[in-house]
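One structure is given here, and the rest of the page talks about it.
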Amino acid sequence: MPPVIEVKGLYCRYGMTHALSDVSFSVEHGDYVGVVGPNGSGKSTLVKALLGIARLDEGEVNLFGTPLADFNDWHKVGYLPQNLNLFNPIFPATVSEVVGLGLLAGKSFPRRISRTDAARIDETLEQMGIADLRRRLIGSLSGGQQQRVMLARALVNQPRLLILDEPTAALDPETRDRFYALLAEINRTHDTTLMLVTHDSATVGSCASRLLYLDKKLIFFGTFREFCASPEMTSHFGDAAQHQICRLH
C-alpha cells in the first residue's frame, strides 16, 4: 500500500520569499501527524500545497500513490480550514444542510441529497454528538458547536485522510480538549489518517502519534519518542522545550 501522503523536495515561494524549502516526508495509513512550528513557518502553506491550492515551485506531492496533478479522488480527503467563523448569524441553513454540503461536492448535476445521503448525514451527526442540533440554524450555534458541524461536514463523505489547519485556535481550553479527544477517537476507531496543524506544540504530543516540526524547512519528522531521544533536537530546542513538546516526562 503506498503512503497516504508522500512529499519529495518541496519548495514553495511567494515572490522571492521561500515559504517552504526542500521538505520531504511520507505519512502512512492510520498515522496521526501533529504539524507544529512558529508563526510564519509554512504550516498553512504546506496544507495548501497538499490540497493543490498553493503552487509547487519545485518537488513532488503524491496522494494515495498518485501525483497531485493527476489526483481526482478528492472524496478520500476531508479538510477543516483554519477559519471556522464563516457563517453570518442569520445565514439560512440548518446543521443538516451544512453537513450535507460535504456530500454534494462529489456529485454531478443535478446535485441532490438522496435517501442514502440523508441516512449518512444523520449517522455523522450522531457520531459528532450533535444530532439534537440537526434543525438548528448554523449561525445560532456556539463556536464549539459550529466547529463540530464543520468537522461533520468534513467527515460525512467518510474520507481516508483528514487535514485540519489550526481548527482549535479560537476555542477555549475545555472545548479544545474535547475536540482533541474526538479526533483521537476518529483516528482510533475509523483508522482515518489525520494531519493536524496546530500552534499548540505543548498539547499535540498527548494525542498525535507522529510529530512534524516545520520552520520553513523540515526540522523533524518522526515519533514523539524519537523526538525526545534526539540529541539534535536537544541542541535545536534546548532540553526543557524539547521535553515540553514530547510530553513523555
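Keep in mind that this is a model prediction, so the values were computed, not measured. By convention here, the first residue in the shown sequence is residue 1.
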Handout entry: Cluster link V35 to L161, ILVMFWY, side chain under 4.5 Å
Key = yes
Problem - Closest non-hydrogen atom pair, A54 against A49 - result: CB-N, 3.8 Å
Handout entry: Flag for Y14-T45: side-chain donor and acceptor within less than 3.5 Å
Key = yes
Handout entry: Shared hydrophobic cluster for V98 and Y79 (ILVMFWY, side-chain gaps under 4.5 Å)
Key = no
Exercise for the section: Side-chain contact test, heavy atoms from C-beta onward, threshold under 4.5 Å: evaluate it for V77 versus F71 and give yes or no. Expected result: yes
Practice task
Quick one: which residue pairs count as a salt bridge (charged side-chain N to carboxylate O under 4.0 Å, His left out) with a foot in residues 134-147, not counting sequence neighbours?
Solution key: D122-R134
Practice task
Report yes or no: do M195 and Y180 belong to one cluster of Ile/Leu/Val/Met/Phe/Trp/Tyr joined by side chain heavy-atom distances under 4.5 Å?
Solution key: no
Side chains of residues 209-223: which donor-acceptor pairs under 3.5 Å do they make with residues two or more places apart or in other chains?
residue	atom	partner	partner atom	Å
S209	OG	Y32	N	3.1
S209	OG	Y32	O	3.1
T223	OG1	E226	N	3.0
T223	OG1	E226	OE1	3.4

Practice task
Find the distance between CZ (R148) and CG (L182) and round it off to the nearest 0.5 Å.
Solution key: 5.0 Å
Practice task
With sequence neighbours left out, write down each residue that passes side chain to side chain contact (heavy atoms under 4.5 Å, CB included) with H190, or none if nothing qualifies.
Solution key: Q127, T192
Report all side-chain donor-acceptor pairs from residues 58-69 shorter than 3.5 Å, counting only partners two or more places apart or in another chain.
residue	atom	partner	partner atom	Å
E58	OE2	R13	NH2	2.9

Practice task
Check side chain to side chain contact (heavy atoms under 4.5 Å, CB included) between S21 and all other residues, then give those that pass, not counting sequence neighbours.
Solution key: Y11, H18
Fill in the blank from the handout: To the nearest 0.5 Å, atom NE2 of H75 lies from atom CZ of R160 at 8.0 Å
Exercise for the section: Output every pair passing salt bridge (charged side-chain N to carboxylate O under 4.0 Å, His left out) with a member in residues 177-193, not counting sequence neighbours, ordered by first then second residue. Expected result: E174-R178
